[in-house]
Structures are given as C-alpha cells and as structure tokens.
Novice: 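This is the structure, below, for whatever I ask next.
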Amino acid sequence: MSRELIYNGFLHLTPNHHSHGYWRTPEGQVQYGYNQLDAYVKTVKTLEKGLFDTLFIADVVGVYDIEYGDGKTTIRAGTQFPEPDPITILSALGLVTEHLGLVVTSNVIQSHPFSFARQISTLDEFTRGRIGWNIVTSYLSNGFRNYGFDEIVPHDERYEWAQEYLDVAYKLWELSWEDGAVLHDPATNRFFDADKIHKINHAGKRYRVEGPHIVEPSPQRSPVFFQAGNSEAGRHFAARNAEVTFLPSQTPETARKDIAILNRDVVDYGRQPEDLKKLVMLSTVIGSTEEEAKRKQQYLFDNIDINALQGFYSGGSGIDLANIDPDTPLTELSRREEFSQHMRSKFRIAVDADYGQGRVLTWREYLIEHALLPGRFAGTPEQIADRVQQFADAGVDGFNVVPVTTLGWWDEWVEHVVPVLQKRGLAQRAYKEGTLREKIFGKESKLPASHPQRSLRLK
Ligand SMILES: Cc1cc2nc3c(=O)[nH]c(=O)nc-3n(C[C@H](O)[C@H](O)[C@H](O)COP(=O)(O)O)c2cc1C
C-alpha cells in the first residue's frame, strides 16, 4: 500500500559529512562552500522545491581525535571539521523558505538550557513554528574536554543529563507562561498579565534555574523533538521523549523488528506508537540506468580517504582503530569487549543485515561499502522508489535522505526521484498548512496530551 512518507534532508555544515575524501573530485569541490551562507540558502530552496518535510543539520562540538591520539588525520581531511554553529543560520534559512521544517542538533553539553530554550523560542517565533531539535548527548571525548570535563561522561549518565536538560527546557517552554498571558491592553495598562507568567524554580542535579522564561511562547512552544538512540538507554530516551527518531535499521527486515521493539517501549511510556515517527537513513546514488548508478558509486568508493574514515570511526567510538588489521572479519569485531557498546551494536547491525551478502565482510570492506554511506542504495529513481516502498511496507514513516555531497547534490534527487515518488503516492504533492508539528502529525501544534513531559508541574 502506498502512503506519503516523511523526507528529511540531512546536512552538516562541514567539508566532509559522510563522503570522506570526495571533496578532491571535481564533483565534490562544491563542498568548498561549506562555510558560505549562500550555499545553504540555495540548498533549502531546492529542498523546499522538492517538498522535503524537514532539513536536519547535524553537529558535533569537538574533533575526532582518537586515532593516533592527536586528531590530525580528521583535521587534515576536513572530517566533520570545522563546525560552524548551525543554530546561527536558522533565521536566515527561515526567511527564504515558507514550509520547510528546520531541525537543528544541539548538544546538552554545549549550552545552558536557559539560553538554549530562549534561542529555540525565538527561532520558533521567527519561523512561525517550524523548528525541531535533535537532542544529542555527544560521543566525542574532545567535546567534553572543550566544556571543562576531564573526560567523557559515562554513556547512560549522559541520557540522565539529557532528561534533566529537557525537563528544564520544557518548564520554560510550556509551564512558565500560561495561555492568555499576552494582553496588549492599553485600557488596563498591561502588556502582559504578570499573574500568568511564572518562575520555574527548577533545582536538580545539574541545573538550578529560577525563570521565568524570558521569551513569549512560540507557535509550537516546544520544538518537535528528534532523537536517535541506538543503545537500550537511548531507545528508552527516544520512546519517552522523541516525536521523530532515526532507527539504526538498514534493511526493511531489520526495520520491522526495530519498530516492534520500539513501539513496545513507546506504549510502556503511555504513548501511542504513532506518536513517534520512525525514520531510516537512505543514502542514494542516483543513475538514469542501474549501470550508471553503480559506476557513480564505484567512483565514490575509489575516491574514499580511508584514513579519514578510520579517524572518523575512532573518534565516534572512542577507540583507536588505527591498529586494526583491515582484513579482520566484522563478526570478530562485533564480539570484542574493548569496543564500546555503541560500536559493537553498529557491527552487529551490519552482520545481521548480511551486508556481506553471504561472504565474510572485513573491516576494510565494511568501511568502504557501508560505514561511508549508511543505508546506502545505488539505483535508478524507479529502483529507489521500490526501496522506499519496501521500507514503507515494513512500517517506516520516512527517510533521513543522506546526500553524496551535502551541497549541490539535492537537485538530482528533486529532479529525478521526487516525481517518481509522487507518482506512486509515496511523497506529498503539496505542503500542508500549519506548524512543523501540525504538518507531521496532522494534529495540534502543541505537544500531545499523552506526551510524558505533560505530567511535569511547577512546584
Ligand atoms: C541520523 C543520525 C544523526 C545523528 N546526528 C548526530 C549529531 O548531529 N550529533 C551527535 O553528537 N550525534 C548524532 N547522532 C548520534 C546519536 O545522537 C546517538 O549518539 C547514536 O545514535 C548512538 O545512540 P546511543 O547513544 O543510544 O548508543 C546521530 C545519529 C543518527 C542515527
């Protein structure tokens, strides 16, 4: 059965997001514009032309410096380095678009929740309710050292931290100002009804915030919550808090299983399965024939900077992978205790999905063929639409579309793939009215009554 799905354009304001080394090719040189606002203005206009639901900007707050201990590999290669701050460009992108949702990643370690809640309310006001927040806890130890820690905070504790951060932000967004606080009433000399604007007096493990929130409630009040939890703690965080999540699943079969597990957790938190939209990664290489798509993909592989990719993985896993024999089978790596749970689960996912298609996949092959572009698929627009359909049949609500280059590439998708998806009823033909939350859920602009945060009260 065909149904309209969610399409999210995945960006990162950096030279190399996932196509490590591709910047050296004539096609990849478009990435030289990674720090130019014009390039992003052009990109969002293209995304809106293609009726994308959302733009999603990834972000990290440090360098990937584990490999050989100094970060020089990833710095040399521009691997998710440098990192201009994505929140700074959202006003501008909001001004040149009308419907596109603007989802920004912000890490709980990088700013105090009082400042962050203020930024988000301002942006949501200025974009008439189009802001989403990808809640991340950071996996980069350098990121923690940049914010005054000696080392990375343990994994599950980071999620507890994120929960308190969200609680503070929620109190500011939702509880500080009652509806009806804005009066604009010269007759009674009250711009606001001060009795309806409250201090929040939050006192928790990490934060003490008095309030009130110093920005008026925005159209959505809370931004749409995005989160990608892979671990048990992460999955629970998503099930409890997120409204849109990125599943780790890379095949329709694994998506079906992952959705069933996640939905059980969602229901345990008193929510309905449809309260949490599930997206998967879809990295496509598009060709007018299958042969052309495969040729373009091979070109991408041939231009990989394998050291940069390895450095990226070292930083992400917290383990120096420089000394792994590239011919080590992935099955063996997925059992090695020295790898983080996150890393082992990544390897497991790859093994379970049988990326090797019957053969034993090695570390080198995994890096080149799969780690590079997660959820990779090379084919014609029709074949891509078939793949989209298979995921839809498995219960997926949409896609995090991963481009070959974060700049410039989107025209190919919009021109060639979108019409096929629309024809098959798998993509919208016109934007719906309303805020981002209204567009995605077809319901009210505010967090639904069943969301667990709704039970929070001011003391
Ligand atoms: C599509 C997607 C985008 C992500 N974007 C970011 C990001 O921009 N910044 C970041 O620090 N982590 C990002 N992550 C990592 C997640 O926040 C999370 O750490 C990861 O999925 C592992 O989950 P776990 O911590 O529960 O093991 C992303 C993950 C996915 C799947």
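Start at 1 and go down the list; that is how both ligands and their atoms are numbered. As a basis for the values below, the full set of heavy atoms in this structure was taken, side chains included, without hydrogen atoms, waters or symmetry mates. Heads up: numbering here begins at 1 and tracks the sequence.
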Novice: Side chain, backbone, both or neither: which part of N134 has a heavy atom under 4.0 Å from ligand 1?
Specialist: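 Looking at N134 and ligand 1, just side chain atoms fall under 4.0 Å.
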Novice: Could you tell me whether E174 and R454 make a salt bridge, using a distance below 4.0 angstrom between a side-chain N and a carboxylate O?
Specialist: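 So E174 pairs with R454 through a salt bridge.
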Novice: Could you check which of T245, L279, V136, V104 puts a non-hydrogen atom nearest to atom 10 (C) of ligand 1?
Specialist: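 Answer by nearest heavy atom: V136.
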Novice: Checking the N or O distance criterion of under 3.5 Å, is ligand 1 in contact with T137?
Specialist: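 No; the residue has no nitrogen or oxygen that sits under 3.5 Å from a nitrogen or oxygen of the ligand.
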Novice: Please report the interatomic distance CG(L276) to NZ(K278), rounded to the nearest 0.5 Å.
Specialist: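 With rounding to 0.5 Å, CG (L276) is 5.0 Å from NZ (K278).
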Novice: As an exercise, identify every atom of ligand 1 less than 4.0 angstrom from a heavy atom of A58.
Specialist: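 So the atoms of ligand 1 that pass are 8 (O).
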Novice: Under 4.0 Å from a heavy atom of Y159: give me the atoms of ligand 1 that qualify, with their elements.
Specialist: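 Answer for ligand 1: 23 (O), 24 (P), 25 (O), 26 (O).
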Novice: Between R437 and D124, is there a side-chain N and carboxylate O pair less than 4.0 Å apart?
Specialist: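 Result for this pair is no, no salt bridge flagged.
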Novice: Does the pair R235/D265 count as a salt bridge with the N-to-O cut at 4.0 Å?
Specialist: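 Here R235 pairs with D265 in a salt bridge, since their nearest N and O are under 4.0 Å apart.
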Novice: With a heavy-atom distance limit of 4.0 Å, tell me whether T105 approaches ligand 1 through its side chain, its backbone, both, or neither.
Specialist: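 The part of T105 near ligand 1 is the side chain, not the backbone.
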Novice: Check K49 with E415, please: is the shortest side-chain N to carboxylate O separation under 4.0 Å?
Specialist: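 A salt bridge is absent here (no side-chain N lies under 4.0 Å from a carboxylate O).
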Novice: Relative to the heavy atoms of G234, which atoms of ligand 1 are at a distance of less than 4.0 Å?
Specialist: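 Reading through ligand 1 atom by atom, the close ones are 26 (O).
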Novice: Is L140 touching ligand 1 with its side chain, its backbone, both, or neither, if touching means heavy atoms under 4.0 Å apart?
Specialist: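 Under 4.0 Å from ligand 1, L140 contributes no heavy atoms.
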Novice: Determine, for R130 against D53, whether the closest basic-nitrogen to carboxylate-oxygen distance falls under 4.0 angstrom.
Specialist: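 Not counted as a salt bridge, because no side-chain N and carboxylate O are separated by less than 4.0 Å.
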Novice: Under 3.5 Å, N or O to N or O, is N230 touching ligand 1 that way?
Specialist: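 Yes, at least one N or O pair falls under 3.5 Å.
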Novice: I135 versus ligand 1: do any nitrogen or oxygen atoms come within less than 3.5 Å of each other?
Specialist: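 It does not: no N or O of I135 is found under 3.5 Å from an N or O of ligand 1.
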Novice: Within a radius of less than 6.0 Å around CZ of R387, do more than 12 heavy atoms belonging to other residues, nucleotides or ligands occur?
Specialist: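 It does: R387 CZ has more than 12 such atoms within range.
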Novice: Select one of side chain, backbone, both or neither to describe which atoms of R235 lie under 4.0 Å from any atom of ligand 1, heavy atoms only.
Specialist: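 For R235, there is no contact with ligand 1 at all, from either part.
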Novice: In terms of atom number and element, which parts of ligand 1 are under 4.0 angstrom from non-hydrogen atoms of F10?
Specialist: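 Close to F10: 3 (C).
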Novice: Check this for me: does any side-chain nitrogen of one of E412 and K296 sit under 4.0 Å from a carboxylate oxygen of the other?
Specialist: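 Yes, charged N to carboxylate O under 4.0 Å.
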Novice: Using a heavy-atom cut-off of under 4.0 Å, does the side chain or the backbone of M281 touch ligand 1, or both, or neither?
Specialist: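 It is the side chain that touches ligand 1; the backbone stays farther off.
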Novice: Can you list the ligand 1 atoms lying under 4.0 Å from a non-hydrogen atom of N400?
Specialist: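 Close to N400: 1 (C).
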Novice: Side chain or backbone of F237 under 4.0 Å from ligand 1, or both, or neither, by non-hydrogen atoms?
Specialist: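 Under 4.0 Å from ligand 1, F237 contributes no heavy atoms.
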Novice: I'd like to know whether CZ of R424 has more than 12 heavy-atom contacts from other residues, nucleotides or ligands below 6.0 angstrom.
Specialist: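 Yes, enclosed.
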Novice: Compute the ring centroids of H112 and Y207, then answer whether they are less than 6.0 Å apart.
Specialist: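 Under 6.0 Å, so yes.
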Novice: Short list, please: which atoms of ligand 1 are under 4.0 Å from a heavy atom of A228?
Specialist: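 Going through ligand 1 atom by atom, the ones under 4.0 Å from A228 are 16 (C), 17 (O), 18 (C), 20 (C), 21 (O), 23 (O), 29 (C), 30 (C), 31 (C).
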Novice: Counting heavy atoms only, name the option from V60, D156, V108, D59 that's nearest to atom 9 (N) of ligand 1.
Specialist: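 Ranked by closest heavy atom to atom 9 (N) of ligand 1, first place is D59.
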Novice: Using heavy atoms and a 4.0 Å limit, tell me yes or no: is H155 in contact with ligand 1?
Specialist: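 The answer is yes, since H155 has a heavy atom less than 4.0 Å from ligand 1.
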Novice: Angle class for the F149/W161 ring planes (parallel below 30°, perpendicular above 60°, tilted otherwise)?
Specialist: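 Because their plane-to-plane angle lies in the 30° to 60° range, the rings of F149 and W161 count as tilted.
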Novice: Would one find an N or O of N107, backbone or side chain, under 3.5 Å from an N or O of ligand 1?
Specialist: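 No - when backbone and side-chain N and O of N107 are compared with those of ligand 1, no distance drops under 3.5 Å.
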